[in-house]
Amino acid sequence: MLDLKYIREHLQEVRNGIRAKGLTVNLGSLLSLDEKRRALIQEGEALKSRRNQVSAEVGKLKREGKNADSVIGEMESVKARIQAIDAELRTVDDEIRGIMLTIPNLPHPSVPVGSSPADNKEVFVWGEPPRVDFPLKPHWELAERLGIVDFSRGGKIAGAGFPVYIGKGAVLERALINFFLDEAANRGYKEIAPPILVNEESARGTGQIPDKEDLMYGVERDGLFLIPTAEVSVTNLHRDEILTERDLPVRYAAYTPCFRREAGSYGKDVRGLNRVHQFDKVELVKFVKPETSYDELESLRADAERLLQLLGLPYRVLLMCTGDMGFTQSKKYDLEVRAPGQDRWLEVSSCSNFEAFQARRMNVRYRPANGSKPEFVHTLNGSGLALPRVYAALLEHYQTPEGKVVVPKVLHPYTGFEVIG
């Protein structure tokens, strides 16, 4: 969340940022509650000061053998009002926090202003599509012919969007996971194996609640949620903690299955592995000092891009516009891999800087080495990478005229085979 003092002192900037993200928030109600809160605090502090004075007067009167009933009566009245103010403050604080949780993060000045995907800015393109003299097939046709992904049996077990990987298809999935984790370790990320279920406070901390609650699978009986991304689990590792400056930057890599309801998705976008409800992903998460966070965003993006380059898959990088960026991000890059069998781009990674937005929700701070008071860290994360669309692009990019698929050389140590089919 944002800082309330910052909102108060930069009201127009905050309004512009909210508007740029295509959202609306009743800031008038927030400011009225803030004013009420400050008035209550001021009254309470004055009454507590008076209570101390009255207490001293009672002691003096009793020592002098004088009647203190009237002063004691005033002290009881003051005490009752202080209790009432404290109760009212708790209510007002809850109302303020409720509104604060609905205010989006503000976009960084370098983010293009826009309201649709057409306003995103292409900033980098790498690789060339395969040059072949035969018609390229989409991955779902290749997977079915090769018997490596079974969509219909997955549907029988759990419903549409739950594929089953079989034989060499399952080995390839596992190979990609291990390859991504090993490369993350080589880049200085510490591997984490976190829970795939989180509580409501964790989901609120990273901004899934209240923004994306409808996209998560809930385990209502236990008050838990299946994670839509390892970002939720890993970023909450340090909730309510104070790190030291020498701890930073903290870099984590985590493999998990992820679960998304993807309500409202339909048509060609959901064919095959393009959009599924359960998928594997390796997530990269950083906790950094505020002054380094945008350099860390560029290095995070480079770490994700490097994986696609090692796999030899053409891709592009988009700088997302304000209206297509999301509730929690200050700046976000999307990496889209080329799927030649479908003649389209598929998103495989989002690399985002949240600045202090998540850290303030989770109360994650660090203590500067100079001994000054603790500050909120900046958090970042990026997919390194999400597997389904990488898998799809890999099948389509490396297919042969005979309908086989050549495995990229970097995966041979992980698969134990060079060709599928």
Side-chain angles (χ1 to χ4, degrees), residues 1-48 80-109 111 113-115 199-216 218 223 225 232 235-236 239-240 263 290 321-332 352-365 375-376 378-379:
M1 67 176 70
L2 301 180
D3 177 58
L4 182 54
K5 181 182 178 183
Y6 187 90
I7 294 173
R8 189 191 310 131
E9 296 177 353
H10 302 82
L11 184 58
Q12 193 55 50
E13 177 189 340
V14 173
R15 282 179 170 150
N16 292 342
I18 294 171
R19 189 180 303 114
K21 284 200 168 184
L23 301 172
T24 57
V25 179
N26 190 345
L27 292 180
S29 294
L30 175 65
L31 295 177
S32 295
L33 286 166
D34 179 42
E35 188 175 338
K36 181 179 181 180
R37 178 180 181 273
R38 285 184 289 153
L40 286 169
I41 290 173
Q42 187 175 9
E43 181 185 357
E45 288 176 347
L47 287 171
K48 288 171 184 176
R81 178 57 185 154
I82 290 172
Q83 290 175 341
I85 287 173
D86 288 344
E88 194 170 356
L89 267 174
R90 286 192 292 270
T91 300
V92 170
D93 283 341
D94 287 343
E95 292 176 355
I96 287 175
R97 181 170 176 78
I99 297 176
M100 292 287 288
L101 288 172
T102 68
I103 299 175
N105 203 355
L106 302 181
H108 188 266
V111 173
V113 176
S115 58
N199 55 31
E200 185 173 323
E201 190 61 26
S202 294
R204 185 178 294 109
T206 48
Q208 272 63 37
I209 293 177
D211 181 52
K212 298 183 178 68
E213 192 167 0
D214 290 342
L215 297 180
M216 290 192 294
F225 297 91
V232 185
T235 313
N236 275 278
R239 188 173 75 230
D240 294 321
C321 71
T322 54
D324 201 30
M325 182 167 56
F327 181 83
T328 54
Q329 294 99 344
S330 283
K331 186 173 182 177
K332 181 173 82 163
S352 305
N353 187 352
F354 304 90
E355 296 191 356
F357 190 81
Q358 292 179 327
R360 189 171 282 109
R361 294 166 81 104
M362 294 182 295
N363 192 30
V364 183
R365 296 174 291 166
E375 301 176 26
F376 288 108
H378 280 194
T379 61

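Values below: all heavy atoms of this structure, side chains included; hydrogens, waters and symmetry mates excluded.
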Task: Gap separating the CD1 atom of Ile18 from the CD atom of Glu13, nearest 0.5 angstrom - done: 10.5 Å
TODO: Before accepting this row, confirm whether a basic side-chain N of the pair Glu201/Arg204 lies closer than 4.0 Å to the acidic partner's carboxylate O.
DONE: yes
Open item on the list: Tell me if the CD atom of Glu35 is crowded by more than 12 foreign heavy atoms within 6.0 Å.
Closed with: no
Open item on the list: With rounding to the nearest 0.5 angstrom, report the CG to CD distance, Asp93 to Glu88.
Closed with: 11.0 Å
Task: Pair Arg38-Asp34, salt bridge (Lys or Arg N to Asp or Glu O under 4.0 Å): steps then yes or no - done: CA-CA 6 Å; Arg38 285 184 289 153; Asp34 179 42; 3.5 Å; yes
- [ ] Determine whether Pro107 and Val113 make a side-chain contact, defined as any pair of heavy atoms from C-beta on separated by less than 4.5 Å.
- [x] no
Task: Verdict with supporting geometry, His378 and Phe354, side-chain contact (heavy atoms from CB on, under 4.5 Å) - done: CA-CA 7 Å; His378 280 194; Phe354 304 90; over 6 Å; no
Task: Side chain to side chain, Met1 and Leu101, heavy atoms closer than 4.5 Å - done: yes
- [ ] Evaluate the side-chain contact (heavy atoms from CB on, under 4.5 Å) criterion for residues Val14 and Val25: first the C-alpha distance (whole Å), next the side-chain angles of each, then the deciding distance (0.1 Å), finally the verdict.
- [x] CA-CA 10 Å; Val14 173; Val25 179; over 6 Å; no
Task: From NE2 (His108) to CG (Asn353), nearest 0.5 Å - done: 8.0 Å
Task: Separation between CZ of Arg361 and CG of Asn236, rounded to the nearest 0.5 Å - done: 10.5 Å
Open item on the list: We want to know whether Asp94 and Thr91 form a side-chain donor-acceptor pair, criterion being a heavy-atom distance below 3.5 angstrom.
Closed with: no
Open item on the list: Looking at every heavy atom in both Ala203 and Met216, which two are closest together, and how far apart are they?
Closed with: CB-CE, 4.0 Å
- [ ] For residues 15-29, pull every pair meeting salt bridge (Lys or Arg N to Asp or Glu O under 4.0 Å), keeping only residues two or more places apart or in separate chains.
- [x] none
Open item on the list: Within the structure provided, determine whether Asn199 and Phe225 are in side-chain contact (heavy-atom separation under 4.5 Å).
Closed with: no
Task: Minimal non-hydrogen separation, Ser115 against Cys321, with atom names - done: N-SG, 4.1 Å
Task: Minimum heavy-atom distance Glu200-Ile209, with the two atoms named - done: CG-CD1, 3.7 Å
Task: Steps toward side-chain contact (heavy atoms from CB on, under 4.5 Å) verdict (Leu30, Ile96) - done: CA-CA 6 Å; Leu30 175 65; Ile96 287 175; 3.9 Å; yes
Task: Spacing of Phe376 atom CZ and Glu355 atom CD [to the nearest 0.5 Å] - done: 13.5 Å
TODO: List the steps, then state whether side-chain contact (heavy atoms from CB on, under 4.5 Å) holds for Arg37 with Leu89.
DONE: CA-CA 6 Å; Arg37 178 180 181 273; Leu89 267 174; 3.7 Å; yes
Open item on the list: Any non-hydrogen side-chain atom of Val364 less than 4.5 Å from a side-chain atom of Thr379?
Closed with: no
Open item on the list: Under the ring pair (Phe, Tyr, Trp, His ring centres under 6.0 Å) definition, can you give me all pairs with a residue in residues 23-45, not counting sequence neighbours?
Closed with: none
- [ ] Measure the shortest side-chain to side-chain distance between Ile99 and Glu95 over non-hydrogen atoms and say whether it is less than 4.5 angstrom.
- [x] no
- [ ] Verify the neighbour count for atom CD of Gln42: are there more than 12 heavy atoms of other residues, nucleotides or ligands below 6.0 Å?
- [x] no
- [ ] Please tell me if the side chains of Ile7 and Met100 come closer than 4.5 Å, counting only heavy atoms from C-beta onward.
- [x] yes
Task: Distance (rounded to the nearest 0.5 Å) between Ile41 CD1 and Lys48 NZ - done: 9.0 Å
Open item on the list: Quick check: do Asn105 and Phe327 have side-chain heavy atoms less than 4.5 Å from each other?
Closed with: no
TODO: Please examine the side chains of Thr328 and Thr206, heavy atoms only from C-beta on, and report whether any two atoms are closer than 4.5 Å.
DONE: no
